[in-house]
Student: 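Dumping the structure here so I can ask a few things about it.
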Amino acid sequence: MTISTLLDDGVRLCDFCHSIDWAQLTTGPFNPHKAFLHNGQLKSGEHNLGLIHTASSAATCELCSLIAEGSRALKPWWPIALFLNEPEKITCAFWSGRNRLGSSVQTGKLAQADMLIDVLLKGLNPGYSSNNLVLQEFLDELGEKGIPLDKKGDADGGDKGRRRNNSLTRLLVHAGISPVEWTAQTFMQLHPCLHPVPSVDDYITGEEPFSTFPTGRIVREEVNVRLLRRWYETCLETHETKCSEPPWLASNTLWPVNLRLIDVRQRCLVETPEPCPYFALSYVWGSETSPFQTTSLNIDAMKTPSFLEGQALPKTIVDAMELTKEMGVEFLWVDRLCVIQDSDTDKAVQIPQMDLVYSRAAMTVVATCGTAIDGLAGINGTPRSINQKTARVAENLSLMDVLNLDQSYQDSRWTTRGWTFQEGLCSRRTLIITSNQIFWSCESAKCCESIAFEAFPTTVAPNDMVFHVLSGHRVFGEFGGGNNFAYGELDFMIRGYCSRKLTVQADALDAFMGVLRRVEVNTGHEFYWGHSVSARFDESLAWCNIVWYPDHEWQAQDLPERRRELHRVRSSDGMVNKVQFPSWSWLGWKHVLGVTRAAPRQVVLEPELKIMKLGLDGKAAPLCSDSEEQKLESVSRIDMRGIDSSTSAGWKGNTQIDPGLLHSDKDGEFKDSGRLLFWTSHTILETEDGKIYNTVREEVGELKPFWPYQVDKPSGKHSFIVVSRKHDDNSVKVIKAERKLNVLLVEWEDPVKHVASRICAGEVDEEAWIGLEKEREWILVTLT
């Protein structure tokens, strides 16, 4: 293999690496020669991994050395699993794609699903065209002719009048058997850097380096807090109400009641009845023995100046206090110190307002670098490990591997814990501290230490596919975004939450209550045990759990299981009653990672049944707390397809509950039991292999997904009760009524009093149900 040494600029590259114009590939216009794309990506050459290792061993090519080191992380996946010790049989290919950078006219739709589908279809059929593709091609041609459509300047001051790129080329290195397709194993992502590679310090002291692209930069083991402060102050000064008052916060959002904060200068607790800037800490408690926390015995002493200096506080809290002070803010909220941990009365006030605590914070410090005892990596002397690798490929250009930029975030315990889910969602601004990197997120911008995004518009839209925005890393799409608390997003939020773990299972509702409160404030929905009682509550009872595992993995997965722990229900008089999580709610189950249709589309429909909630005294009350229910608007047109009240007359009786069973003002405060009470139609049907049969073995319906397909479904005779009519809302514009009924397969806890618990849901043909006249009965059911 011939080695090229470029004497004029000192770049050491092999012939192959020297043959590629890395500057054009990584910082110039994407695909200027209009080559054929595969799923929106362009292959720029293949290089044998054996030759790469040879060049690396001889230290004759900087880029080969970088790739050879990166290849150590190759996984034993098909088709290269047998050749990991024979690199000469493996080929590396360089695939590039265009990511959106900011929200310029040229790249406004690059990361959105409809555009990505168009690009995919274009790759499958070269003759395919669409409005998206035609417009993008036209805008690209204008840009190539020097007619940019974006404005001059930058996002963070400085360098006014000089233009910057409005897209970012994501360059991936794949390994496979030649020819290597874009679907092959990815083991590196090469990001362009100025050469010499600037450091974080260069962006704090003096005039920062100008670059037309967001250059990579060197990060020190000790965090330069001035960069973090720059992100924070830039947001305060330039992002205006988009970040200070995002739409999801709602203009009438109150100040948290009885809010206590840590004064980081006085080192004590203070009461803060009036609004003031403060930071909040989101972290994982861990498994400390006898952790120091606020209790009823020490709460008064905690308010004494300097009291905290003599306490054994965990390192993460100490570091967060120091960071808050260095950022120029006086107050910090930390749950274990600002909530009286042994007081149910104080928790009754604080836990339901967690959304306010985090959304009212000027910024949330998200500690994903361990637990409470590990500290904030790179802050206040806490060590961190930095391992940045670069290779010089041109006179003024180097490449840096950033594939694992957010890997420590993805692998962190923080992303697995139940309580932290709402803490991240409910924050206006977040500083995400990982073991080797710090990220910034607000409604207007995304930043990180290793890539200089500050001078570029970096908004991530709610409907963006994150892999096609900025550098394509997941962390940039998990905070902010402005659409988190739309009712239409609730199903996704429920699934995200259900994938998390709780140390105390009794916290299942409390740890999600902040999300539900934000959705309530923003949409007008009212919630009861995680289900909206404002629209299609009856249909939400037929939620399902759609999961899929490979045959060799499913036995290692936890199967759906009733949550047997008790939830604390607090009355206005301070009394705490413990009630069972309801079987009818997704909150009543553990290990339901694929919860679906717990929040059906917002359409106002008259329910078939009159479902009421049951109090501890056995009296029933309406699901909505306000008798004058807020009327929501339907988001889709309703097509009843000829179905009216007469359609259900064949199976439905009187749905009115005896007035003697109804809760009234003279009964005092309604104390919830988590149970439902309603008249409904019941029968016994037979099930086999997920199908439902009548008494003469005619198929009349099917069970909805709940267990992995490998698990045996309930078989034999089972009790079923009707909960609602089924509607087809797969169409965006129209929801269609069907002559099918949503039913629950139930298990009787008290068959005499008709007390039942849900096992799973199903659907049956309405005519077939009516035809079961002799087997059906109309009963008053209590659903636990």
Side-chain angles (χ1 to χ4, degrees), residues 24-32 37-42 95-123 130-144 148-156 163-172 182 186 189-192 211-216 239 242 402-403 405-406 439-448 450-483:
Q24 163 60 43
L25 179 60
T26 60
T27 68
F30 178 71
N31 192 18
L37 300 179
H38 299 259
N39 193 37
Q41 299 184 65
L42 175 69
W95 283 89
S96 59
R98 179 166 58 171
N99 275 22
R100 203 193 72 217
L101 187 62
S103 54
S104 66
V105 175
Q106 287 102 317
T107 62
K109 290 180 67 66
L110 277 181
Q112 294 176 11
D114 55 347
M115 180 63 162
L116 297 176
I117 291 174
D118 285 339
V119 170
L120 176 61
L121 294 175
K122 178 73 172 179
S130 71
N131 291 337
N132 283 332
L133 296 175
V134 171
L135 177 60
Q136 190 64 61
E137 183 176 357
F138 172 69
L139 295 174
D140 286 343
E141 290 177 356
L142 291 181
E144 291 168 11
L149 300 180
D150 59 328
K151 59 185 179 182
K152 294 182 180 181
D154 56 33
D156 189 11
R163 295 193 180 278
R164 300 182 189 270
N165 293 354
N166 51 44
S167 65
L168 175 65
T169 298
R170 185 187 67 257
L171 179 60
L172 303 178
W182 63 272
T186 303
Q189 179 176 342
L190 301 178
H191 186 87
S211 174
T212 60
F213 57 91
T215 176
H239 296 170
K242 183 174 182 181
V402 298
L403 181 68
L405 183 70
D406 67 346
F439 299 88
W440 165 269
S441 177
C442 63
E443 300 293 321
S444 304
K446 312 292 178 183
C447 297
C448 69
S450 288
I451 303 176
F453 281 125
E454 292 84 11
F456 297 81
T458 52
T459 302
V460 177
N463 52 346
D464 278 341
M465 306 291 283
V466 177
F467 183 68
H468 295 274
V469 185
L470 308 181
S471 57
H473 290 91
R474 166 182 154 186
V475 67
F476 292 124
E478 298 209 345
F479 298 86
N483 201 33

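Predicted, not measured: the structure shown is a model, and the values here were computed from it.
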Student: Minimum heavy-atom separation for Glu443 to Thr459, with atom names?
Tutor: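 Closest approach of Glu443 to Thr459, heavy atoms only: O-CG2, 4.1 Å.
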Student: Hey, what do you get for CH2 (Trp182) to NE2 (His38), rounding to the nearest 0.5 Å?
Tutor: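 Atom-to-atom, Trp182:CH2 and His38:NE2 are 10.5 Å apart.
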Student: Please examine the side chains of Leu403 and Thr186, heavy atoms only from C-beta on, and report whether any two atoms are closer than 4.5 Å.
Tutor: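 Heavy-atom side-chain distance check passes, below 4.5 Å.
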Student: If I take atom CZ from residue Arg98 and atom CG from residue Leu37, how far apart are they, to the nearest 0.5 angstrom?
Tutor: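 So the CZ of Arg98 and the CG of Leu37 are separated by 9.0 Å.
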Student: Val402 vs His473, test: side chain to side chain contact (heavy atoms under 4.5 Å, CB included). Steps then yes/no.
Tutor: CA-CA 9 Å; Val402 298; His473 290 91; 4.1 Å; yes
Student: For a quick test of reading the model, state the closest non-hydrogen atom pair linking Ser211 to Thr215 and the distance between them.
Tutor: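 What the structure gives for the nearest pair is OG-CB, 4.2 Å.
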Student: Spell out, as yes or no, whether a donor-acceptor pair under 3.5 Å connects the side chain of Ser167 to the backbone of Asn99.
Tutor: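 No, because the side chain of Ser167 does not come within donor-acceptor range (under 3.5 Å) of the backbone of Asn99.
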Student: Quick one: does Asp406's side chain have a donor or acceptor within less than 3.5 Å of a partner on Val475's backbone?
Tutor: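 Side chain of Asp406 to backbone of Val475, a donor-acceptor pair under 3.5 Å: yes, one is there.
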Student: Rounded to the nearest 0.5 Å, how far apart are OG1 of Thr458 and CZ of Phe453?
Tutor: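 Here the rounded value is 7.5 Å.
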Student: Could you tell me whether the side chain of His191 and the main chain of Ser450 form a donor-acceptor pair under 3.5 Å?
Tutor: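 No.
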Student: Has Gln189 got a side-chain atom pairing as donor or acceptor with Leu405's backbone, closer than 3.5 angstrom?
Tutor: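 No: the side chain of Gln189 does not pair with the backbone of Leu405.
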Student: What distance separates Thr169 OG1 from Leu42 CG, expressed to the nearest 0.5 Å?
Tutor: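 Rounded to the nearest 0.5 Å, the OG1-CG separation comes out at 9.5 Å.
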Student: Hydrogens and angles aside, do Ser441 and Lys446 bring a side-chain donor and acceptor to less than 3.5 Å of each other?
Tutor: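 On atom types as modelled, these side chains qualify, holding a pair under 3.5 Å.
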Student: Could you point out which residue of Thr27, Leu470, Asn165, Ile451 forms a side chain to side chain contact (heavy atoms under 4.5 Å, CB included) with Pro214?
Tutor: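 Passing option: Ile451.
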Student: Could you tell me whether Arg164 sits above the aromatic face of Phe456, with NZ or CZ closer than 6.0 angstrom to the six-membered ring centre and within 45 degrees of the axis?
Tutor: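 Checked: cation-pi criterion met.
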Student: Does Arg170 qualify as a cation-pi partner of Phe467, given the criterion of NZ or CZ under 6.0 Å from the six-membered ring centre and within 45 degrees of its axis?
Tutor: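 Yes; both conditions hold, so Arg170 lies above the ring face of Phe467.
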Student: How long is the gap from CZ on Phe30 to CG on Leu25, to the nearest 0.5 Å?
Tutor: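 Separation between the atoms: 9.0 Å.
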Student: Taking Gln24 for the side chain and Pro29 for the main chain, is one N or O donor matched with an acceptor at less than 3.5 Å?
Tutor: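 It does hold such a pair.
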Student: Would you say the side chain of Val469 lies within less than 4.5 Å of the side chain of Val460, judging by non-hydrogen atoms?
Tutor: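 Yes - at least one pair of side-chain heavy atoms lies under 4.5 Å apart.
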Student: Start with the C-alpha distance between Gln41 and Asn31, add both sets of side-chain angles, then the distance that settles side chain to side chain contact (heavy atoms under 4.5 Å, CB included), and finish with yes or no.
Tutor: CA-CA 9 Å; Gln41 299 184 65; Asn31 192 18; over 6 Å; no
Student: When rounded to the nearest 0.5 angstrom, what distance separates CZ in Phe479 from SG in Cys442?
Tutor: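 So the CZ of Phe479 and the SG of Cys442 are separated by 13.0 Å.
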Student: Please find the pair of heavy atoms, one from Cys448 and one from Phe439, that lie closest to each other, and give the distance.
Tutor: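 Where Cys448 meets Phe439 most closely, the heavy atoms are CB-CD2, 3.5 Å.
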Student: Closest approach of Phe476 and Cys447, non-hydrogen atoms and distance?
Tutor: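 Distance-wise, the nearest heavy atoms are CE2-O, 4.0 Å.
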